[in-house]
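Have a look at the structure below before the remarks.
A, B, ... follow the sequence lines: proteins, then strands. Residue 1 opens every chain. The structure displayed is predicted, hence computed values, not measured ones.
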Protein chains: 2
Amino acid sequence: MLTDEYRYKILKELQQDPDISQRELAKRLDISLGKVNFCLKALIEKGLIKAENFKNSTNKMGYLYLLTPKGIEEKVSLTQRFLQRKLKEHEALEKEIEQLRQEVKT
Amino acid sequence: MLTDEYRYKILKELQQDPDISQRELAKRLDISLGKVNFCLKALIEKGLIKAENFKNSTNKMGYLYLLTPKGIEEKVSLTQRFLQRKLKEHEALEKEIEQLRQEVKT
DNA sequence: TATTATCGTTCACCAATTGAACGCAGCATA
DNA sequence: TATGCTGCGTTCAATTGGTGAACGATAATA
């Protein structure tokens with residue numbers, strides 16, 4: 001399934017590196033090739049990216065995954081939501097760490 | 001599967017509340033009853049806890065899940081490892097937040 | 001005794017994920 | 001030209017992980 005997390009991560013990777021293979025993307029995000037393929041299809045389906053045929057200078061022949069205007073919008077929105085989420089996680093983590101420190105003392 | 005995270009969380013709950021039902025444990029850890037049952041079995045298998053028959057004052061008839069000496073040791077070790085892990089996560093999170101802030105600016 | 005409530009256990013079912021296998025395209029070498 | 005190699009996207013059978021309804025057992029209660 002395509003969670004917010006992977007939607008964000010994939011859009012981010014593609015934005016800064018549109019010519020990237022699905023295999024490479026899988027490595028970077030530490031997920032399987034199948035999942036990458038599935039997520040990309042979903043993103044195309046939603047109109048957030050489009051895949052253009054593309055011949056690399058080397059022996060590659062693949063796609064260029066470009067963010068559509070809608071994709072760019074979505075990515076901004078996701079980034080903001082992500083920041084908020086991470087701030088909450090940060091706060092929770094500090095409490096957890098404090099609790100662990102207390103526990104280690106015992 | 002029994003991850004470090006759940007090994008830690010379960011040992012912690014059991015230590016401070018040995019008479020607890022699997023259902024209650026499932027609620028607290030927000031996992032299914034089946035998973036709790038599976039994890040408890042695994043912990044018993046590893047000799048980290050033992051289940052003693054136990055008659056509650058109320059109408060309950062269940063087990064008392066007691067940490068073995070080995071279980072207590074393991075829990076201390078897990079706690080320390082967990083603290084270390086959380087400190088790393090904390091650091092990573094701060095970087096991520098900083099990065100997100102930069103990104104939001106753009 | 002019959003009923004109710006809670007216990008641990010089980011397991012068929014579902015959803016998510018994996019990665020080997022495939023066909024295709026481009027390049028390099030014989 | 002033909003052959004082999006590499007990397008591409010795509011597919012899908014197989015595995016894994018998680019779920020919770022259902023079950024039998026036990027103890028309190030009516």
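In this structure, B:K12 forms no cation-pi arrangement with B:F82, as its terminal cationic atom is not both closer than 6.0 Å to the ring centre and no more than 45° off the ring axis.
Between the side chain of A:K35 and the backbone N or O of A:A26, no donor-acceptor pair lies under 3.5 Å. The closest donor-acceptor contact from the side chain of B:T79 to the backbone of B:K75 lies under 3.5 Å.
Remark: P of D:dG17 and CG of B:L33 are 19 Å apart, rounded to the nearest angstrom. Note: CG (A:D30) to P (C:dG19) measures 10 Å, nearest angstrom. The CG atom of B:L29 sits 13 Å away from the P atom of D:dG18 (whole-angstrom rounding).
Counting heavy atoms of neighbouring residues, nucleotides and ligands inside a 6.0 Å radius, atom CZ of B:F38 does not exceed 12 of them.
A:R23 contributes no side-chain N or O that forms a donor-acceptor pair with the base of D:dG7 under 3.5 Å.
Position along DNA chain D of the nearest nucleotide to A:Y65 versus B:I31 favours A:Y65 as the more 5'-ward residue.
Note on B:Q22: every side-chain N or O is 4.0 Å or more away from OP1 and OP2 of C:dC7. Residue B:N37 places none of its side-chain N or O atoms closer than 4.0 Å to OP1 or OP2 of C:dG8.
Counting any heavy atom pair closer than 4.0 Å across all strands shown, A:F38 reaches no nucleic acid atom.
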